[in-house]
Structures are given as C-alpha cells and as structure tokens.
J.: 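To start, I am sharing the structure in question, which I have written as structure tokens.
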Protein chains: 2
Amino acid sequence: MTTPTHQHATILEVAREAGASKTSVSRYFSGERERLSPNLQTSIAAAAQRLGYHPNRMASGLKGGRSRIIGMLVADIRNPFSVAVMHGVEQACRERGLSLMVCNTDNDSALEREHLALLTSYRVEGLVMNAVGSLDRELQALVEQGTPLVLLERELSQVEAEVVGLDNARALDLALDHLQARGYGELLYLSEPPGLASPRQARLTRFQQGVAARALAGEVHCQTLGETESLNRAIGNFLARPGTLPKALLCANGNATLAATRALHSLGARLGETGLLGIDELDWCELVGPGITTLAQPTEAIGRAAVECLMRRRDTGGRTMPARRVHFQASLIPRGSTCR
Amino acid sequence: MTTPTHQHATILEVAREAGASKTSVSRYFSGERERLSPNLQTSIAAAAQRLGYHPNRMASGLKGGRSRIIGMLVADIRNPFSVAVMHGVEQACRERGLSLMVCNTDNDSALEREHLALLTSYRVEGLVMNAVGSLDRELQALVEQGTPLVLLERELSQVEAEVVGLDNARALDLALDHLQARGYGELLYLSEPPGLASPRQARLTRFQQGVAARALAGEVHCQTLGETESLNRAIGNFLARPGTLPKALLCANGNATLAATRALHSLGARLGETGLLGIDELDWCELVGPGITTLAQPTEAIGRAAVECLMRRRDTGGRTMPARRVHFQASLIPRGSTCR
DNA sequence: TTGTACGCGTTATCAC
DNA sequence: GTGATAACGCGTACAA
C-alpha cells in the first residue's frame, strides 16, 4: 500500500513500484505492450494504477518533438457556425489521438497575434484558423518552420496553406436561383464589411455578378452589424422604395441573418412578403414566423477536412507540396420566408 | 538528408547568436529583463528576432512543473450556454497568462473519462468541468494530486471541489412567481432526466416545492429531448386536458426551451395563450412569435468566477481549504410568451 | 526480453 | 550583471 502522494507519479516511480525498468514502463504506455512479458504487463499496470500514473505529455513532447496538440484560432467562438466546425475538428483530432487547443480571438487582431504566439510556443503540430487580421508575416514564419496550416474560408494570398471552405460561387448561385424562382426581383445583400476576409469578398462579388446575369435589381449593405439603427434605416429605405417587384434580403452569414431578422421584426415586416434567405443554418430558423429559408453548410465535414489536410501536409513533409483548396457545397433548405 | 525546413530555434541558438549565455536569454524572456544590461537586452532581442525564437512552453512546463494550461471539460459544446461560460473562462485565463484547453465530451461518459486522462497528462494547473458521468474516482485522484477543480453547477458529493453556478432555488421562485402573477395556474415542467446532474435535480425539486407552496397545479416531463413524438404527445395531452386555468410550460434549460418551442410550433399552439418560460437566454428568444420569456444567467461572470476559484485554491495550497460554493442570480426577461 | 545512458529546451542554483 | 551546470520526465539507441 502506497501513501497517496500529492505529486504526480513519474515513470521512474512506477518502474520501482513494479520492480521493472523505466524502459519497460515507457514501452507499456507507448503501445508496445505486446513485447513485454505478461508478468511484467500486469505488475506495471498494477503499479501505475496504485500510483495514479499518467505519462507526462510535456516531457514526451519535448523529447520527440511532437506535442500531439493541434491549435485552432477562431474568430468568434459565439458564432454557432464556428462551433460546429470546431466540433468536426475536434472529432477528427480525437480519432487521431490529437488534442485540440482552441483560442478565440473575438475578432480582435491584437488578440489573434497574441494567441498565435501562444500556440506556437506550445509547438502545435498543426494550425486551423479562420481568424481576422493580417498576420501574414507570422504565419509565413510558422509555415517555414514546418507547421502545417489550414485556413477556414479566408485565404491569404501571401501564405502557402490549404484552404477549406464553402464553394461560395455556387452557394450564391443557388440562393439567387431560388429567390428568382420564387418571384423576388429586388434584392438587398447584407454582410459585414468584407475587409480581409476573402469569403465575404467572394460571396459579395458573386452576388453582384449573379444579380447582373439574372437581370435582377441588387443592392448591398456592408456595415458592422452592431449598429442597429443604421441597419434598420437601410432596410427600411429598401422596403419603402417604390418598385413593382417583390423584395428580398439575402444574408451573408448567420450573424447577418440574426440582425436582419431583428430588423424586419422591429419594422413589422411580414416574412415571405418580404423575402429572407440566410447563409448558415441555425437552430431557430424554422421557428421564426413561417420559417427562414437557409443555405446550410456541411460544418462537421469542413472541420474534419481541415484536420485531414493538416495531417496530409505533415506526412508529406510540409511545404514541398503545392497548396490546395477544398470546397464544399451548400444545401438549400426552403422555408416560408421565401414564399409569398 | 538535410531537412529543408529549419526547425524551431532554441534558447541555446539565440544565446550563441547574441553572444550571451542561456541563462541571460532565459531571464530576458522570463520577465527579468531589468536585471540585464541594456546592451545585452538589445542584442538578445535582435538575435531572437532574427531566428524567430519563441520559448518552448513544453520545456519550461517540464522544468518548472507549471504547464500554464487550464483544462475545461464541457458536456455539450453546441449548447450556447456552455460556450458563453467558456468565453468567460477564456477571458479570465488570458488575463492571467494562462492557456485554455477545452474538451467536449458530447454527453458521453467514456469520452469524458478519456478527455480527463488527456488533460491530466498535460499537467493542467486547474480543471473546470460541467460534464456528465460519474468520474468520482478519477476526480478524487486528481484533487489529491493537488490539481484545483471547479465544478460548474453539477456537484459531486464525493469530491472536494468548488462549485460555481446559478442559485437554482431562487431562479425557480422567480419563474413561478412570474407565471403566477401572469395568471397561469397549471404548469408543465420540461427537463432532461436529472440523472447525476445536480442542477437539474435542484431545479426540479424546487419546482415541485414551489408549485405546492403556491397552490398551483404542476406536472413534470423528464425525458431525453431527442424523442420528438414523446414530447409532442406529453405536451399535447397537457394542453388538451380540461381545466379552468391557463396553462404554461416551464423549461429547465436552453435545450428544453428549443424542444418545447418546436413542439408548440408543430401543435399550432399560440404563445402567450399557452405560457412559455425558459431558463437560459438565447439569441432567438425575442424573435419567435411574441417573444419568449426567459431567465438569463450571468454566463461570463460564472466563467470568470470559476477561474478565480481555481487560482485561489492553487495559491492557498489546494486541498487544505474547505470546498466552497458560489451562486449567481438569474434575471427575468419578460416577453410575450407569458402574456395572455 | 530487459536495463543503462544520454539528450530534448528550459529554469533554478549556485559561483564569479 | 553574468555565466556554468544540474535537474525536470521521458524516449530511445545500445548494451546485456
């Protein structure tokens, strides 16, 4: 019987307790149990059990150079879309025996830099990010040090990295086709300012192209969604403008959908009469009024694909491979908000 | 074959590059810059800059025994409440120079055990959890090893740990008072099965006491919320039952609110005529029908308080201190769903 | 099959 | 002020 220590047991203590050597204990916990005699196996297991031993990943990561940690930099952890992708990332990591360290940057560029340094200092074996700022220099350094990098959606021209995300062009085509088929002729596109975030840019561009190609009337409102009055005014003006064709709002992401729904709600607009279509499926979209039509993204698949890219890149020796792109398709969920 | 990627720079390389010793470089990066001569400081800074050096936290964690990592075990990462608390935890960690390692157990007891072992193996300096299973033995071991532990809501009688969470009794009193004031006389309480999760138990118990004390009619439906038909039937029966007093649903958490709203939606019930009150405030509660009345929890404060407890316990030497409880108050947000 | 010795990058303890 | 050196816990040649 051993006295309950308040320290963590080490491999050496387990070895002594089991009457074996460090090496054997190390083997036991490194998946080479078969090569040990049954006797040793049981006594090591018993000793480890008694001492509550867990291998120290800090130490093993130091020696082997493998931290077994994947880092993830998320722009907005309170966005359900990000969480869903993260869920996929996490599952894929677990299946590979990796841990996930998630940092939320709250759309703050300084925070992003800070968190990136942090993840670097833990020697993460790969990095998944969808964050904000222009960290080109730091990311370039990271990639040159041999750390695989996958960008969610936002692509940075400077840095050699995989990009995983939605096929934005086809998603917008899908949305525009649907709205046109339902008879809406004047559209207002709602988005946060594109800034450096390339998917926002890609969606916006395709919206403008698509509107022109379909001979629809299209307007754009790009503004921080926090400014409620400004948004309400913009939507109010759009709806009040004289016009013969039915009007609809197209929202670039989940946050925009939420903001638009609130605005329409406070303006007293009836969903359907005023069309509403949002990119990103959310829990509550089926519950508001006649339901909100959405374009759902395969979030889990996106997360898993990110990890797959990471691992592939790691196994093929990093930057010698050309950067790739993985696109997923959105699926339309028609509801009452696009039904007149 | 020479590796094409130059590895991470080490403290030794920086020292050589700067013409200094390891010790000085270590001091420079450990907040003891003042004790170095200005000359040394600049040359170390320059060398580190050239080499892109970041201290290896794995190594420093090994030597000093401080990983600078806080672990968090979350039962359901897709629950917005959990994410909001996590956000608070993260902020508090950052302010203290700690990193956060989050593991999602997906309400799976086996996964929970696995993740706990993982976090232990990284020698987390503290653990925040709100997870499911009965991990009493493992947690007890953790605490005895000197790792501070804070439980969110769910308390485990066996283990000595702080508990941070809502004042469930007063929250339910608030809810019942509101419903009674609004004239609802027959209540149906919706919850997932209490099982080992003590807050569910606490809320349920208080509901039953409170209903009796107020001479209201109260029923309870505790079932996995995934079973839609069962839930619909239960709510349908409740509403169809002859009775003179207005009826209302009381939902034990955000998931229950979502399920109840869906059920009422599919049953064609009108919110308000049928009362609805949910614990946990969600983005969409103001948007559905006339709005859903909720009891909001101070999520960020709960997360921050958890980290504070952790740190306090660590600084006072862990298990010598008696376990404590921190309770927060919910605040009522009245909306149309409790207005006839 | 099992044991020994060394190195991973860092911090702490001394000496100068 | 600065520098040499010994741990920290583990993996792994290499020896037995």
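Just so you know, these numbers come straight off a predicted model, no measurement behind them. In what follows, chains are A, B, ... by sequence order, proteins preceding strands, each numbered from 1.
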J.: Do the side chains of B/Glu13 and B/Arg16 get close enough for a salt bridge, i.e. N-O under 4.0 angstrom?
T.: no
J.: Out of D/dG11, C/dG9, D/dA6, which nucleotide sits closest to the side chain of B/Lys22?
T.: D/dA6
J.: B/Ile11 CD1 to D/dA4 C1': how many Å, rounded?
T.: 14 Å
J.: Have A/His87 and B/Asp106 got a donor and an acceptor in their side chains that come within less than 3.5 Å?
T.: yes
J.: Have a look at B/Leu62 and say if it touches a base, only the backbone sugar-phosphate, or nothing, with a 4.0 Å heavy-atom cut-off.
T.: base
J.: May I ask you to verify whether the side chain of B/Lys63 and the base of C/dG9 hold a donor-acceptor pair under 3.5 Å?
T.: no
J.: How many Å lie between CE on B/Met58 and P on D/dG11, as a whole number?
T.: 13 Å
J.: Can you tell me the distance, in whole Å, between the OH atom of B/Tyr122 and the P atom of D/dC8?
T.: 22 Å
J.: Indicate whether OP1 or OP2 belonging to C/dT11 is found under 4.0 Å from a side-chain N or O atom of B/Ser30.
T.: yes
J.: Rounded to whole angstrom units, what separation is found between the CZ atom of B/Arg16 and the P atom of D/dA4?
T.: 12 Å
J.: If you take all heavy atoms of A/Ser21 and A/Ala15, which pair is closest and at what distance?
T.: C-CB, 3.6 Å
J.: What integer distance in Å separates A/Arg68:CZ from C/dC8:P?
T.: 21 Å
J.: Need one value for B/Ser60: base, sugar-phosphate or nothing, where a base atom within 4.0 Å counts as base even if backbone is also close, heavy atoms only.
T.: sugar-phosphate
J.: Compare side-chain N and O positions of A/Ser21 against OP1 and OP2 of C/dG3 and report whether any pair is under 4.0 Å apart.
T.: yes
J.: Does A/Thr23 get its side chain close enough to the base of C/dT4, under 3.5 Å, for a donor-acceptor pair?
T.: yes
J.: Is the phosphate of C/dG3 approached by A/Ser24 (side-chain N or O, under 4.0 Å from OP1 or OP2)?
T.: yes
J.: Do A/Glu300 and B/Arg78 sit within salt-bridge range, that is, some charged N less than 4.0 Å from a carboxylate O?
T.: yes
J.: Measure from CZ on B/Arg57 to C1' on C/dC8 and round the result to the nearest Å.
T.: 19 Å
J.: Quick check on DNA chain D: between A/Pro55 and B/Ala20, whose nearest nucleotide comes earlier from the 5' end?
T.: B/Ala20
J.: Is B/Arg304 reaching over with its side chain to a backbone N or O of B/Gly88, donor-acceptor style, under 3.5 angstrom?
T.: no
J.: Side chain of B/Arg27, base of D/dG3: donor and acceptor closer than 3.5 Å?
T.: yes
J.: Tell me the interatomic distance from A/Ile44, atom CD1, to C/dT1, atom P, rounded to whole angstroms.
T.: 14 Å
J.: Any side-chain N or O of A/Thr10 less than 4.0 Å from the OP1 or OP2 oxygen of D/dG9?
T.: no
J.: Should B/Ser37 be listed as having a side-chain N or O under 4.0 Å from OP1 or OP2 of D/dT2?
T.: yes
J.: Is it true that B/Arg325 and B/Glu162 make a salt bridge, defined as a side-chain N closer than 4.0 Å to a carboxylate O?
T.: no
J.: By the 4.0 Å heavy-atom rule, please label B/Tyr53 as base, sugar-phosphate, or nothing.
T.: sugar-phosphate
J.: Which whole-number value in Å describes the distance from A/Arg66 CZ to D/dG9 P?
T.: 24 Å
